[in-house]
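Residue numbers start at 1 and run along the sequence shown.
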Amino acid sequence: YFTESAGRLPFTPEKHILTFLWFVGHQSSSYRDVADRFGITISGLFDVITRVADFVMSLSPTIIKYPNAEDKKQTADRFHQTKKFP
């Protein structure tokens with residue numbers, strides 16, 4: 001993340017997301033490859049990845065819900081009835 005005082009504009013939210021998605025979608029690419037593709041430094045890339053991953057993780061308690069015992073039983077029953085899978 002660059003500050004305007006360093007002579008560069010801050011990354012836009014769109015650039016954060018696009019950079020992060022490219023990085024996680026192309027795991028065989030090195031940090032240098034991804035940083036070069038988006039015109040940022042390697043340390044800037046690290047900051048973007050960390051920032052977006054932290055944001056996604058902060059959303060997880062409201063989005064990711066683990067099933068309780070009743071939900072598990074209903075799912076197991078549905079699989080057994082429809083697919084004959086115990």
About how many Å separate OG of Ser60 and CZ of Phe55, when rounded to the nearest 0.5 Å? 11.0 Å
Heavy-atom nearest pair, Leu18 first then Phe38, reads O-CZ, 3.7 Å
Of all the heavy-atom pairs spanning Val48 and His16, show the shortest one and how long it is. CG1-O, 3.6 Å
Same cluster or not: Met57 versus Ile64, using hydrophobic residues (I, L, V, M, F, W, Y) connected whenever any side-chain heavy atoms lie under 4.5 Å apart? no
To the nearest 0.5 Å, what is the distance between CG on Asp36 and OG on Ser29? 11.0 Å
Check whether any side-chain heavy atom of Asp33 sits under 4.5 Å from a side-chain heavy atom of His26, and report yes or no. no
Out of Ile49, Val24, Val34, Val52, which one pairs with Thr19 under the side-chain contact (heavy atoms from CB on, under 4.5 Å) rule? Val34
Atom of Phe11, atom of Gly44 and distance for their closest heavy-atom approach: CE1-O, 4.0 Å
If I take atom CD from residue Gln27 and atom CH2 from residue Trp22, how far apart are they, to the nearest 0.5 angstrom? 13.0 Å
Quick one: NZ on Lys72 to CG on Asp77, what's the gap to the nearest 0.5 Å? 14.0 Å
Is there a donor-acceptor pair under 3.5 Å between the side chain of Thr62 and the backbone N or O of Leu59? yes
Would you indicate whether Tyr31, at its atom OH, is surrounded by more than 12 heavy atoms from other residues, nucleotides or ligands within a distance under 6.0 Å? yes
Would you name the heavy atoms of Leu45 and Ala35 that are closest together and state the gap between them? CD2-N, 3.9 Å
